[in-house]
Number of protein chains: 2
Amino acid sequence: MVAALSELPRPDPAVEELVGSVHGILQSVLHRVHPALEAERISMGQFWALHFVASLGSKGLSTVARYLALSAPSVCAKVDELEAAGLVVRHRAERDRRIVELRLTPKGRKVEARLWEEIATVVGRAADDVPRDDLATAVRVFQDLRARLDGATVPPRSGA
Amino acid sequence: MVAALSELPRPDPAVEELVGSVHGILQSVLHRVHPALEAERISMGQFWALHFVASLGSKGLSTVARYLALSAPSVCAKVDELEAAGLVVRHRAERDRRIVELRLTPKGRKVEARLWEEIATVVGRAADDVPRDDLATAVRVFQDLRARLDGATVPPRSGA
DNA sequence: TATTGTTATACTCTATAACTATA
DNA sequence: TATAGTTATAGAGTATAACAATA
């Protein structure tokens with residue numbers, strides 16, 4: 001039993017620290033932004049959908065679904081809600097009429113901007129006394145990591 | 001309309017980049033770890049509960065709930081499952097018999113270790129060519145941010 | 001045939017309210 | 001009276017399967 005445990009030493013503590021911190025931060029931030037989301041009458045999931053529709057720029061629904069790591073039907077339902085709220089519009093692409101392109105409405109852009117403003121305030125306050133260089137390094141490291149992780153984008157979800 | 005938009009400039013782009021990257025990374029990582037979770041027969045939520053039970057060291061259920069940013073009943077249900085799976089044990093504290101302390105079983109420790117090993121592998125692979133110093137800086141920045149954000153731990157959830 | 005999106009349906013997760021027991 | 005935990009129940013969120021339209 002003891003032997004079995006020693007065959008499973010804690011892996012690189014830096015990784016656990018990093019992932020644990022990341023998880024904790026994201027939770028804290030999103031938790032604090034919750035009131036702002038309620039004020040805009042949208043859910044967390046809708047916010048991230050809005051974010052990817054905005055940042056991917058007129059891509060099809062399934063592309064957005066892939067970035068959200070959600071199934072197409074889930075995203076389809078979310079888009080229904082965002083469309084009903086007047087934040088997003090669908091329209092068929094001409095060159096391939098199977099594809100439904102998504103775009104933010106002006107209202108959608110405003111809502112997204114307000115929410116990022118809120119997040120920036122929360123994070124900015126916490127990052128207040130973090131040296132600018134260190135913060136810039138952290139941003140760069142995370143962009144690199146994301147690029148590397150997204151690079152071999154996870155296949156739809158093949159088992160194991 | 002244009003004027004209204006210009007009153008809402010994109011906030012500090014570094015913050016949006018950072019939070020966006022963090023969100024993307026966490027999603028990628030957790031998505032990739034999904035098969036390992038399935039192999040251990042536990043859900044993502046159960047994994048994080050396991051993590052906090054392990055890292056908080058014999059704290060009560062509601063403390064764990066606060067760290068998970070979940071309601072007590074939700075965590076209570078999760079602990080039921082973890083206990084049924086033989087990963088966690090409950091026992092009443094003697095000094096205050098209202099409190100239910102939580103601890104990992106040896107099996108729970110092994111499962112947690114294996115999953116962190118998997119996460120470390122995934123992240124480690126992506127972090128392969130990131131300079132060690134930069135990675136260390138990122139870890140430090142995130143620990144600071146988390147400490148700052150957790151510091152004024154979000155109250156139970158007062159509206160607005 | 002393969003792909004994009006949608007609809008129908010069931011399951012998991014989470015929360016609020018009400019209850020028990022300790023303090 | 002207040003706090004820790006549990007039970008009961010309802011609501012979001014998500015997935016899989018089956019379908020429609022287009023390539």
Side-chain angles (χ1 to χ4, degrees), chain A residues 27 30-31 34-35 37-38 41-50 52-53 56 58-85 88-103 154-159, chain B residues 27 30-31 34-35 37-38 41-50 52-53 56 58-85 88-103 154-159:
Chain A
Q27 290 223 124
L30 298 182
H31 204 221
H34 205 262
L37 289 169
E38 281 181 337
R41 310 303 229 94
I42 72 174
S43 70
M44 196 78 78
Q46 288 167 349
F47 166 66
W48 284 114
L50 202 62
F52 281 112
V53 170
L56 290 173
S58 281
K59 285 292 172 52
L61 185 146
S62 56
T63 301
V64 174
R66 192 156 40 77
Y67 276 83
L68 286 167
L70 293 177
S71 69
S74 296
V75 175
C76 186
K78 271 200 224 304
V79 171
D80 286 346
E81 296 158 359
L82 292 174
E83 203 172 26
V88 159
V89 289
R90 281 182 235 236
H91 74 97
R92 293 274 167 190
E94 281 116 30
R95 44 161 203 154
D96 183 342
R97 297 190 51 72
R98 290 173 303 182
I99 295 173
V100 170
E101 291 179 346
L102 303 172
R103 285 186 209 154
V154 184
R157 185 174 292 177
S158 52
Chain B
Q27 291 225 122
L30 298 183
H31 204 220
H34 205 262
L37 290 170
E38 280 182 337
R41 310 303 227 92
I42 71 175
S43 70
M44 195 79 79
Q46 288 167 348
F47 166 66
W48 284 114
L50 203 61
F52 281 112
V53 170
L56 290 172
S58 281
K59 285 292 172 51
L61 184 146
S62 56
T63 300
V64 174
R66 192 156 39 76
Y67 276 83
L68 286 167
L70 294 177
S71 68
S74 295
V75 175
C76 186
K78 271 199 223 306
V79 171
D80 287 346
E81 296 158 1
L82 292 173
E83 203 172 26
V88 158
V89 288
R90 281 182 235 238
H91 74 97
R92 292 274 168 191
E94 282 116 30
R95 45 163 201 150
D96 183 342
R97 298 190 50 73
R98 290 173 303 182
I99 295 173
V100 170
E101 291 178 347
L102 303 171
R103 286 185 209 155
V154 183
R157 184 176 293 178
S158 52

Output side-chain donor-acceptor pairs under 3.5 Å for residues 75-82 of chain A, partner residues at least two apart or in another chain, one line each.
residue : atom : partner : partner atom : Å
A/Asp80 : OD1  : A/Arg90 : NH2          : 2.1
A/Glu81 : OE1  : A/Gln46 : NE2          : 2.5

For B/Leu37 and B/Met44, work out which heavy atoms get closest and say how close. CD1-SD, 3.5 Å
Which atom of B/Phe52 lies closest to which atom of B/Val64, heavy atoms considered: CB-CG1, 4.2 Å
Would you kindly give the [atom1]-to-[atom2] distance between [X] and [N], to the nearest whole Å?
X       : N      : atom1 : atom2 : answer
B/His34 : D/dA15 : NE2   : C1'   : 10 Å
B/Ile99 : D/dA2  : CD1   : P     : 18 Å
A/Glu81 : D/dT14 : CD    : P     : 9 Å
A/Met44 : C/dT14 : CE    : P     : 12 Å
A/Leu68 : D/dA15 : CG    : C1'   : 15 Å
B/Trp48 : C/dT14 : CH2   : P     : 13 Å
B/Arg90 : D/dA4  : CZ    : P     : 16 Å
A/Leu82 : D/dG13 : CG    : P     : 11 Å

Looking at D/dT14, I'd like to know if its phosphate oxygens (OP1 or OP2) sit under 4.0 Å from a side-chain N or O belonging to A/Ser74. no
Phosphate OP1/OP2 of C/dT16 contacted by B/Ser71 side-chain N/O (<4.0 Å): no
Considering only D/dA4, C/dT4, D/dT7, which nucleotide approaches the side chain of A/Ser62 most closely? C/dT4
Let's see if you can work this out: which of C/dT6, D/dT6, C/dC13 has an atom nearest to the side-chain heavy atoms of B/Lys78? C/dC13
Could you check whether any side-chain N or O of A/Arg92 sits under 3.5 Å from a backbone N or O of A/Glu101, counting only pairs where one atom can act as donor and the other as acceptor? no
Under the 3.5 angstrom rule, does the side chain of A/Arg103 hit a backbone N or O of A/Val88 as a donor-acceptor pair? no
The reported gap from OG1 in A/Thr63 to CD1 in A/Ile99 (rounded to nearest 0.5 angstrom) is 7.5 Å
Nearest 0.5 Å please: distance from the CG atom of B/Leu70 over to the CH2 atom of B/Trp48. 12.5 Å
Name the nucleic acid region contacted by A/Gly45, choosing base, sugar-phosphate or nothing; use a 4.0 angstrom heavy-atom cut-off, strictly under. nothing
Upstream residue (5' side of DNA chain D) when A/Ser43 and A/Ala72 are each assigned their closest nucleotide: A/Ser43
Do nucleotides 18-23 of chain D as a string where each nucleotide becomes B, S or -: B if the base has a protein heavy atom under 4.0 Å, S if just the sugar-phosphate does, - if no protein is that close. ----BS
